[in-house]
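Below is one structure, written out as structure tokens; comments come after it.
Order of listing sets the numbers, starting from 1, for every ligand and every atom in it. Quick caveat, the model's predicted, so the values are computed rather than measured.
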Amino acid sequence: MELNDLIYESTKSKTLEDGSFTWKSPSNIALVKYWGKRKDQIPENSSISFTLDNCFTETTLEFRKRESPMKIKEDVGFLNATVKSSFSKHEIFLDGKRKPEFDEKIGVFLMRIGKHVSFILDYDFVIKTHNSFPHSSGIASSASGMSALALCIMSIEKALNPAISDELFYKKASFLARLGSGSAARSIEGPLVVWGKHDKFEGSSDLFGVKFSESVHENFKNYQDTILLVDKGEKQVSSTVGHNLMNNHPFAQQRFIQANENLIKISEAISSGDLKSFISIVESEALTLHSMMMTSHPYFILMKPNTLEIINKIWEFRAKTNSNICFTLDAGANVHVLFPEKEKNIVNQFIVSELLQFCQNNHYISDRVGFGAKQIH
Ligand code: DP6
């Protein structure tokens with residue numbers, strides 16, 4: 001599927017005055033990390049993630065036809081667009097409270113996707129959103145939030161053009177979500193999603209995420225992810241700044257090659273059930289992501305002392321018990337503890353007795369692999 005296949009054709013359209021759609025869309029945790037992007041949100045390497053289940057955003061998009069449609073200038077650049085909030089009339093509510101501070105971000109998003117879903121120019125929007133995880137948990141809501149909004153917009157497209165296939169619906173939802181936040185492209189489906197063109201993965205694309213098409217061994221079914229909230233503060237480095245650090249990074253090219261190789265290796269481990277190899281790739285990916293930040297200019301250390309305490313405890317526990325517990329990290333201090341479902345009891349006991357002491361106010365979130373977004377209404 002090419003870029004042109006993702007452009008809405010108004011000729012097929014029904015009329016639609018107003019209405020609303022609601023989608024619940026999950027967060028995801030990358031196993032092979034996306035870090036570094038080109039113009040138009042094109043990733044420098046392929047990535048793969050587990051879709052989560054309990055961490056999600058639920059968004060309702062209310063729409064009403066405008067008296068006169070907005071005009072979009074063809075020459076509006078992708079990243080240097082500057083008008084943003086005047087592009088459409090939209091109001092955002094988080095947990096029932098009006099949030100004018102989100103207007104610009106959503107305005108930029110609507111502007112970026114306008115070329116592909118031109119019908120949005122005809123409507124005013126009210127966006128009502130809620131995250132299952134607390135705002136101040138240090139968990140990024142951009143993947144779940146952008147994918148939920150993208151799906152609501154696709155529901156409008158489907159209402160206008162009911163003949164759209166399911167395949168196109170989900171691919172285009174992922175495509176739109178990607179334009180909001182790269183990792184959001186991986187939050188539409190589950191349990192495992194690959195994003196970024198890779199010769200070894202047929203159908204993979206830089207434009208949208210696709211379901212991991214190889215077989216998934218029993219060991220990886222219903223995999224658990226307990227998120228330890230080490231630092232619930234605002235992100236120290238925004239993702240835009242973070243990705244930009246990979247431009248002119250001395251190790252960047254090697255890193256992109258390594259990620260693409262790791263994708264092949266982890267895919268073999270997931271199909272054959274090789275937990276040991278899975279663990280070594282996942283942990284190495286997390287530490288490599290942080291190494292990239294430590295070796296860029298400017299440089300950052302996003303781990304906290306308690307992040308390292310947790311990692312060391314996990315390694316000790318693994319050596320002592322031969323458990324298949326492992327960790328991964330996002331671009332922050334929180335730790336995702338991953339383990340097979342059949343080790344749930346023993347690992348949960350270990351987390352409660354040994355790891356919670358390193359979390360802010362003992363806070364953590366028990367999650368597991370999920371199957372993607374759901375339409376609520
Ligand atoms: C470290 O998707 O948040 O979580 O495309 O700029 O919105 P933008 O970045 P974002 O980057 C996520 C980076 C990561 C790794 C990953 O999820 O693959």
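- By the 30° and 60° cut-offs, the orientation of the rings of Phe220 relative to Phe278 is tilted.
- Closer than 4.0 angstrom to ligand 1 by heavy atom are Ala30, Lys33, Tyr34, Trp35, Lys37, Gln41, Ser181, Gly182, Ser183, Arg186, Ser239, His243, Leu289, Asp330, Ala331, sorted by chain and number.
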request  = For Asp53 and Arg368, run salt bridge (charged side-chain N to carboxylate O under 4.0 Å, His left out): C-alpha distance rounded to whole Å, both residues' side-chain angles, the deciding distance at 0.1 Å, then the answer.
outcome  = CA-CA 6 Å; Asp53 193 38; Arg368 59 177 177 191; 3.1 Å; yes

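- With sequence neighbours left out, Lys211 forms a salt bridge (charged side-chain N to carboxylate O under 4.0 Å, His left out) with no residue at all.
- Ring planes of Tyr123 and Phe63: perpendicular class, angle over 60° (limits at 30 and 60°).
- Between Phe350 and Phe317, the ring-plane angle classifies as parallel under the 30° and 60° cut-offs.
- The aromatic rings of His243 and Trp35 sit tilted, their planes meeting at an angle between 30° and 60°.
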